[in-house]
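Notes to accompany the following structure.
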Protein chains: 2
Amino acid sequence: MVSIKDIARKAGVSISTVSYALNGNPKVTPETSARIRAIAKEMNYIPNGAARQLKKRESRIIGAFLTDFTGAFYGDLLQGMKEVLNRKGYDLIVCSGLQSHRLLPERMIDGAIILDSAFSDEELLDYADRGHRLVVLDRELNHPAVNQVLLDNKAGANLAMDYLIETGHRRLYIVAGPSDSFDARQRMGAVRQTLDRHPELEATVLEGDFNQGSGEAAGRLILEQWQGPAGVFCLNDEMAIGLFNAVSASDSGIRVGEELSLVGFDNIALTRYIQPRLATIEYSKYRWGAMASEQLLRMIAGEEVEHERIYVSLVESGSVKDRR
Amino acid sequence: MVSIKDIARKAGVSISTVSYALNGNPKVTPETSARIRAIAKEMNYIPNGAARQLKKRESRIIGAFLTDFTGAFYGDLLQGMKEVLNRKGYDLIVCSGLQSHRLLPERMIDGAIILDSAFSDEELLDYADRGHRLVVLDRELNHPAVNQVLLDNKAGANLAMDYLIETGHRRLYIVAGPSDSFDARQRMGAVRQTLDRHPELEATVLEGDFNQGSGEAAGRLILEQWQGPAGVFCLNDEMAIGLFNAVSASDSGIRVGEELSLVGFDNIALTRYIQPRLATIEYSKYRWGAMASEQLLRMIAGEEVEHERIYVSLVESGSVKDRR
DNA sequence: TTGTATGCGTTATCAC
DNA sequence: GTGATAACGCATACAA
């Protein structure tokens with residue numbers, strides 16, 4: 001491995017001169033600088049990251065922590081993070097799993113974006129206390145070193161519920177999400193508020209875990225105890241797709257967009273592949289990721305930042321029938 | 001930041017004793033060791049990754065490089081990589097984009113798994129010459145420090161073509177892939193061989209880029225010049241889905257699984273969401289990733305490794321009609 | 001068993 | 001303008 005020491009020897013100068021030349025310090029004359037650069041290139045020199053990091057106390061690497069790697073879901077989100085970071089000379093690495101948590105306290109990364117329920121609040125607060133900068137996308141956490149960029153889940157759930165109610169649905173089913181998901185809890189909270197305001201509605205809450213399987217199960221359950229036209233709000237699109245499949249595959253004759261109206265949440269790519277297209281709650285995942293990166297870089301730069309919110313909107317579609 | 005120096009001071013011992021104790025070196029007595037560990041824990045000590053890496057010349061981090069983050073495609077692949085690595089005490093980080101290439105030559109990672117056409121062969125060979133260990137999933141590259149774990153694309157393409165031919169299709173369309181994709185080139189090579197062996201077939205090759213849009217375009221083209229029942233082999237599932245959508249959306253009356261038979265490649269999750277289910281070429285993405293990690297770790301351990309091949313199989317389905 | 005000393009490759013502060 | 005030299009935090013050969 002070739003180091004600045006080797007270059008210094010070959011160039012007949014000291015290592016500090018090499019360091020200056022390579023880092024563009026104007027103290028060194030253009031001639032020596034050029035000569036040193038030429039030699040460095042010729043020797044295929046590449047600086048050692050660990051050494052520089054040890055000295056400069058920064059790696060210019062940001063870590064994004066996800067619960068798992070599955071899913072079309074994360075593509076745009078990560079792309080948004082990456083583009084902002086790259087523009088500022090930072091790199092993004094994506095991590096998953098308990099083992100990788102070490103990267104943060106060991107200071108291999110300059111900050112982290114968290115969308116991973118495998119982190120406990122305590123763990124994150126501990127890191128924050130150590131001076132690490134964090135942006136959380138999946139929880140509320142108040143600490144000067146932690147910034148929140150959260151989805152406006154309540155507004156989304158309200159949009160979905162109002163859509164079903166305003167199109168004349170009185171019998172409703174809600175397919176819930178896992179209790180360890182912040183988004184699921186927030187969406188469910190808004191649903192319950194809406195239901196409280198509308199005692200005339202006949203509503204049933206079914207369990208769900210944000211995966212397709214639970215949507216299918218919910219779909220079968222609804223068909224079994226079918227009592228006539230109904231509206232279903234699945235707290236995410238995955239489950240809505242599962243429910244759609246279960247209903248379509250049944251021999252009940254009941255069809256989504258006719259007797260059964262269906263709304264999801266997230267606007268994943270799959271929503272376009274079912275007939276009729278799935279009504280859902282939409283937001284820019286790219287923007288979510290980009291915002292997270294921006295906030296993190298601001299914190300690293302020492303700026304004060306406020307929590308941010310990602311706004312959502314309703315995508316109307318044929319999966320909801322107007323019964324008025 | 002608390003370092004072993006601080007611990008040493010507080011414990012009244014030297015830094016080497018602290019280092020020994022923390023690393024479980026049996027030279028230090030159980031009592032002092034326990035005392036030092038207690039103090040370390042109390043002080044919330046966490047070793048500095050950069051310092052250790054600089055000294056030990058390893059990070060126990062492996063990088064997976066992908067062309068982009070989009071896609072359900074990568075979930076299982078990355079999961080396979082991660083589980084194998086974690087079991088051996090390594091961590092996986094996922095990277096994308098030109099900027100992140102630096103992580104390898106700067107020695108932030110102990111090795112890399114490449115599925116990213118943004119790397120040129122020359123660049124990879126340069127890294128290999130520097131002593132970095134690589135596993136490539138998307139090209140043939142012969143170098144002692146580079147191992148190949150490649151899909152058996154030829155077998156897959158043969159399976160797909162034979163399936164169409166054996167079910168009695170004489171008019172064939174092939175939707176090709178991008179020329180910068182190794183998999184696409186290999187699949188196409190096998191297709192051409194098959195066509196050479198069957199001069200009685202009437203075959204047309206259409207352009208494609210592995211994205212849905214090009215599949216749709218190909219679908220529309222086929223419908224425009226429709227000459228009766230035909231079989232279509234799309235070199236990947238994404239394009240097959242696009243083609244399926246274009247045909248389904250048209251008012252031609254032609255249906256997939258009837259007049260038009262369709263086969264894809266990859267067996268992505270989406271293949272189950274169309275009616276009829278898409279016939280395709282299947283392989284275990286999990287196993288592909290796991291194998292890549294295993295090979296890389298073997299190389300890092302200094303073992304000799306042979307190139308590996310991931311075998312594929314045919315998924316028959318209603319999207320291909322038996323015309324015999 | 002514990003301590004001393006050195007070096008990993010870099011940056012940066014001082015002299016000269 | 002250039003060159004010694006001292007850190008950064010850790011691991012380890014060797015001395016005590």
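Throughout, a chain's letter reflects where its sequence line sits, starting with A, and its residues are numbered from 1. Given the structure is predicted, the values throughout are model-derived calculations rather than measurements.
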Rounded to whole Å, NZ of K5(A) lies from C1' of dT6(C) at a distance of 11 Å
* So, is N23(A) near the phosphate of dT11(C), with a side-chain N or O under 4.0 Å from OP1 or OP2? -> yes
From CD1 of I46(B) across to C1' of dG9(D) the rounded distance in Å is 14 Å
### Message
Quick check against the 3.5 Å criterion: does Q295(A) have a side-chain atom that pairs as donor or acceptor with the backbone of V146(A)?
### Response
no
Taking dT10(C), dC8(D), dA12(C) as options, the one with an atom nearest any side-chain atom of L54(A) is dC8(D)
Closest to the side chain of R52(A), out of dC10(D), dT11(C), dT4(C), is dT11(C)
| task | Verify the contact: side-chain N or O of K27(B) to OP1 or OP2 of dT12(D), cut-off strictly under 4.0 Å; return yes or no. | result | no
In whole angstroms, the gap separating P of dT12(D) from CD of E58(B) amounts to 10 Å
| said: Under 4.0 Å, heavy atoms only, any strand: does S16(A) hit a base, just the sugar-phosphate, or nothing? | reply: base
In whole angstroms, the gap separating P of dG9(D) from CE of M108(A) amounts to 15 Å
Identify whether any heavy atom of S3(A) sits under 4.0 Å from a base atom; if not, whether one sits that close to sugar-phosphate; answer base, sugar-phosphate or nothing.
sugar-phosphate
Residues passing the side chain to side chain donor-acceptor pair (under 3.5 Å) test with N153(A), sequence neighbours excluded, are D183(A), Q186(A), R187(A)
Below 4.0 Å: OP1/OP2 of dG3(C) and any side-chain N or O of S14(B):
yes
### Distance test, side-chain N/O of R57(A) to OP1/OP2 of dT11(C), below 4.0 Å
no
To the nearest angstrom, the CD1-P distance between I4(B) and dT12(D) comes to 11 Å
Between OH of Y20(A) and C1' of dG3(D) the distance, given in whole Å, is 9 Å
Closest of dG9(D), dT2(D), dT11(C) to the T17(A) side chain is dT2(D)
Rounded to whole Å, the CD-P distance (Q53(A) to dT10(C)) equals 13 Å
Against the side chain of V28(A), the closest entry in dC8(D), dT2(D), dC10(D) is dT2(D)
Whole-Å distance, N25(B) CG to dT12(D) C1', equals 9 Å
When you measure from the centre of the six-membered ring of Y283(B), is the NZ or CZ of K285(B) closer than 6.0 Å and no more than 45° off the axis? yes
Ignoring hydrogens and angles, answer whether the base of dA12(C) and the side-chain atoms of K55(A) contain a donor-acceptor pair closer than 3.5 Å.
no
Of the listed dG9(D), dT11(C), dA5(C), the closest approach to the K56(A) side chain comes from dT11(C)
